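Report on the structure given below.
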Amino acid sequence: KGLLYPVTNKFRQDQKLDGLWDFKFDPSAEGEKKGWTTGFGDPIKMPVPASFNDFFTDKDSREYTGDFWYAKKFFVPDYMKDKMIELRFGAATHRATVYVNGQEIRSHEGGFLPFTADITTAIKLGEENIVTLKMNNELHRDALPAGDTAILKNGKKMSKPFFDFYNYSGLNRSVHLMAIPKENIYDYSTTYDVSENQATVHYDVKATAGSNFMVSLADEDGQIVATSEGQSGDLVVENPTLWQVRDAYLYTIKFELVENGQTVDEYSDEIGLRTIEVKGHQILVNHKSVYLRGFGRHEDSIYAGRAFDLNVERRDMNLMKWIGANSFRSSHYPYDEQVYKFADREGILIIDEVPAVGFKMAAASFLGGLNQSFFDGDWVDELYKKHIDQVKDMIQRDKNHPSVLAWSLCNEPDTSTDSAVPYFTKLFNDSKELDPEKRPRTFTLNEDDTFEASKCLQFPDLYLLNRYPGWYHKWGYEISDGEAGLRAELDEWKNSDIDKPIVFSEYGADTEPGLHKLPSIMWSEEYQIELLDMFDRVFDSYDFVRGEQPWNLADFQTVEGNMRVNGNKKGIFTRDRQPKAAAFFLKKRWTSLPLDYKADK
Ligand code: E9O
């Protein structure tokens, strides 16, 4: 129940099981039959958290698609006897079945969101235990992210994603062993009202038993500024320090669960006092207009692939601060929870995206997909169940982060056919009440889904546009033709009665670092700058453009293809996080644009 981030305090213990695990491929899916649920011989020693792929030096292992196993021994001390014992997997890509001491505990689907396994009755106290996972990284049309699993002529299984990022697989985030009280706090949420000299935190807390709660709010000096009692209530803060974009301030909210006058569980978390709203063209934080600048990103780095790496994240945050960014999109999946904690602390806004990507056969055609409407497929009902499930988990996991600005429910779906309409009607209806803060919900539209073509413009609260004039061939490769095409489309939005902000959530050009050419040619560092400059000119001439997030913060690994030279090179930084010339260009603009650029005066 719930997805609260693990903590250690007087009542709870959190221990990471990271490090070397046993690992083994299971191409014939015979692990269970062979008794691997209690461990296996001849293991490969595999780091966790990590994607297994790039450690290997042979192609078949790197590209392995199918079942594979992880195993690790762990110890549960006697003094935990009265606790509930859980394992929490930050990300098992893409599906997993968990066994403890040979006993099947649970299965989970969805490689970018956490899940817990209650192992209280399966473990032996004061003894060594073993956890094994049977995992699988195949892609299917009825799963997120969407793709196919092909069988090559030689019998080899291979994933064929309907998206370009590499299908990195494995235990990509930390595994936690948690001991928590049997009667415990398992969820909470907050909403806010703020004004000049007062802020109110409306809270709601959930526990497995009991309904007696003591709640307090402390400032960054540890001073208690408000208290309350009960399962829901208000914390009123006089003269609050609000959470502001790039000027964050975090309060600590503490919940105590009280039974017969005794505290039996406690959970604390850092929250930010702020409101979020979309009003007309404006994106408002604390009732003030903010203009977004930042990036689409990936969790991607050398050696460990898609693994969360605190070192890479520290560097990325510093790069974003250096360049003057104030936001990013967690393209194309919810990131590790530590990313959100970082962003909370740094005052960076996140458009939080569910792993619904590849929902377009036509766009996938350059990757080997088909030319048909994605939402006509017989996989759609099954896909929808998983989709809404993961939207629920994402919102459940991330709703309390001040950094989260909006929910992106899909990336570049095919919204230009009639069959998309019932799908998104259902998705937007079913997700309406999930976020107590009612943050804006949206999806990105790529260039097949223009103002003219898309049949789903009624759904988003703000629009995210992925546009590639001057790169992909929609309006020709010429930057000048691209600009004309882009302006023609934006004129249509302008002349419509739609009154919502547009954020450019992708645009850019593949750029080989170090390639210089005068005059510019495609792939040169000069071309990337000229293209960005064209976009900036267009953004500046439309009032309703309220954000710019070029693709991508950094170069990243992709599927192989004749358009990819060792990955997608649209990074403003290289894969090892050094600047291309465009970084200095963007820094100049972004550090001089006011936060409230274009605010209604
Ligand atoms: C999604 C992102 O994950 N958008 C893609 C990015 C890219 O660089 C990818 O990395 O490829 C762009 C979609 C462009 C579609 C072009 C279709 C051609 C239109 C005629």
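These numbers come from a predicted model, not from an experiment.
A side-chain N or O of Ser330 and one of Asp352 form a donor-acceptor pair less than 3.5 Å apart. Remark: the Asn184 side chain and the Asp265 side chain contain no N/O donor-acceptor pair separated by less than 3.5 Å. When only modelled atom types and interatomic distance are considered, Glu256 and Thr263 share a side-chain donor-acceptor pair under 3.5 Å. Of the N and O atoms on the side chains of Thr97 and Tyr99, not one donor lies less than 3.5 Å from an acceptor on the other residue. For Arg95 and Asn136, the side-chain atoms include at least one donor-acceptor pair closer than 3.5 Å. For Ser174 and Asp18, the side-chain atoms include at least one donor-acceptor pair closer than 3.5 Å. With no hydrogens or angles considered, no side-chain donor-acceptor pair links Thr149 and Glu138 at under 3.5 Å.
For the pair Phe162 and Pro145, the minimum side-chain heavy-atom distance is 4.5 Å or more. Proximity of Arg329 to Asn411: side-chain heavy atoms (C-beta onward) are separated by under 4.5 Å at one or more points. Residues Asp193 and Gln198 have side chains not in contact (no heavy-atom distance under 4.5 Å, counting atoms from C-beta outward). By the 4.5 Å heavy-atom criterion applied to side chains, Ile350 and Leu405 are not counted as neighbours. Within the 4.5 Å cutoff, the side chain of Val131 has heavy atoms near those of the Trp21 side chain. Looking at heavy atoms from C-beta onward, Glu183 lies in side-chain contact with Glu259 at the 4.5 angstrom threshold. Two residues are said to be in side-chain contact when any heavy atoms from C-beta on lie closer than 4.5 Å; Lys392 and Met394 fail this criterion. Between Val175 and Lys16 there is no side-chain heavy-atom pair separated by less than 4.5 Å.
The pair Glu266-Lys10 fails the salt-bridge criterion, with no side-chain N (NZ, NE, NH1 or NH2) lying under 4.0 Å from an Asp/Glu carboxylate O. Salt bridge annotation for Arg173-Glu299: present, with a cationic side-chain nitrogen under 4.0 angstrom from a carboxylate oxygen. Under 4.0 Å is where a charged nitrogen must lie from a carboxylate oxygen, and between Arg88 and Glu337 at least one such pair does. For Arg345 and Glu220, the salt-bridge test passes: some basic side-chain N is under 4.0 Å from an acidic carboxylate O. Asp336 has no carboxylate O lying under 4.0 Å from a charged side-chain N of Arg306, or vice versa, which leaves the two without a salt bridge. We find that Lys341 and Glu270 are not joined by a salt bridge, their nearest charged nitrogen and carboxylate oxygen being 4.0 Å or further apart.
Between His387 and Ala356, the closest heavy-atom pair is NE2-CB, 3.3 Å. Nearest heavy atom pair, residue Pro413 against residue Thr444, reads CD-O, 3.2 Å. Closest approach of Ile105 to Val100, counting heavy atoms only: CG1-N, 3.9 Å. Shown here for Tyr340 and Pro334, the closest heavy-atom pair between the two residues is OH-CA, 3.5 Å. Scanning both residues, Leu427 and Ser431, for their nearest heavy atoms gives O-OG, 2.7 Å. Scanning both residues, Arg106 and Thr116, for their nearest heavy atoms gives NH1-O, 3.0 Å.
Each of Asp300, Asn172, Thr93, Asn167 was scored for a side-chain hydrogen bond (donor to acceptor under 3.5 Å, both in side chains) with Ser51, with one residue passing: Asn172. Each of Tyr335, Tyr333, Tyr168, Phe308 was checked for a ring-ring contact (aromatic ring centres under 6.0 Å, His included) with Phe112, and the lone residue meeting it is Tyr333. Of the options Asp187, Asp435, Asp204, a salt bridge (Lys or Arg N to Asp or Glu O under 4.0 Å) to Lys399 is made by Asp187 and by none of the others. Tested against Phe25 for a ring-ring contact (aromatic ring centres under 6.0 Å, His included), the candidates Tyr64, Trp36, Trp69 yield a single pass: Tyr64.
In this structure, CG on Asn101 lies 4.5 Å from CG on Asn129, to the nearest 0.5 angstrom. Note: Tyr70 OH to Leu133 CG = 9.0 Å, rounded to the nearest 0.5 Å. Here CZ of Phe295 is found 8.0 Å from CG of Leu319. Values are rounded to the nearest 0.5 Å. Here the CD atom belonging to Gln13 is positioned 9.0 Å from the CD1 atom belonging to Ile85, to the nearest 0.5 angstrom. Of the inter-residue distances, the one linking Asp430 atom CG with Asp389 atom CG reads 11.5 Å to the nearest 0.5 angstrom. Rounding to the nearest 0.5 Å gives a distance of 9.5 Å between NE2 of His401 and OH of Tyr5.
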Any chance you could lay out the salt bridge (charged side-chain N to carboxylate O under 4.0 Å, His left out) test for Glu104 and Lys134, step after step, and finish with the verdict?
CA-CA 10 Å; Glu104 182 173 336; Lys134 183 180 79 168; over 6 Å; no
Carefully, step by step, assess Glu238 and Asn197 under the rule side chain to side chain donor-acceptor pair (under 3.5 Å).
CA-CA 6 Å; Glu238 304 297 339; Asn197 39 29; over 6 Å; no
Working for side-chain contact (heavy atoms from CB on, under 4.5 Å), residues Ile185 and Leu4:
CA-CA 9 Å; Ile185 295 164; Leu4 290 181; 4.3 Å; yes
Dump the intermediate steps for salt bridge (charged side-chain N to carboxylate O under 4.0 Å, His left out) on Glu346 and Arg314, then the final yes or no.
CA-CA 11 Å; Glu346 303 285 4; Arg314 176 70 270 176; 3.0 Å; yes
Decide salt bridge (charged side-chain N to carboxylate O under 4.0 Å, His left out) for Lys386 and Asp142; before the verdict, give the C-alpha distance in whole Å, the side-chain angles of both, and the deciding distance to 0.1 Å.
CA-CA 8 Å; Lys386 293 176 186 164; Asp142 66 3; 3.7 Å; yes
Which is it for His94 and Asn137 under the side chain to side chain donor-acceptor pair (under 3.5 Å) test, yes or no, and what are the steps along the way?
CA-CA 5 Å; His94 295 289; Asn137 65 344; over 6 Å; no
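If you look at Phe255 and Tyr267, their ring centroids are not closer than 6.0 Å. Proximity of the aromatic rings of Tyr188 and Tyr203 is defined here by a centroid distance below 6.0 angstrom, and this criterion is not met. Taking the ring centroids of Tyr423 and Tyr384, they lie under the 6.0 Å cut-off.
His332 and His298 have perpendicular rings, their planes meeting at more than 60° on a 0 to 90° scale where under 30° would count as parallel. Using the six-membered ring where Trp is involved, Phe424 and Phe428 have ring planes that are tilted, between 30° and 60° apart. Relative orientation of the Phe115 and His108 rings is parallel, given thresholds of 30° and 60° on the angle between their planes.
Surrounding CE of Met84 are more than 12 heavy atoms belonging to other residues, nucleotides or ligands, all under 6.0 Å away. Around CD of Gln262, the count of heavy atoms belonging to other residues, nucleotides or ligands within 6.0 Å does not exceed 12.
A cation-pi arrangement is not found for Arg297 relative to Phe556, the charged atom failing to lie both closer than 6.0 Å to the ring centre and inside a 45° cone about the ring normal. Judged by the 6.0 Å and 45° rule, Arg141 forms a cation-pi pair with Trp379.
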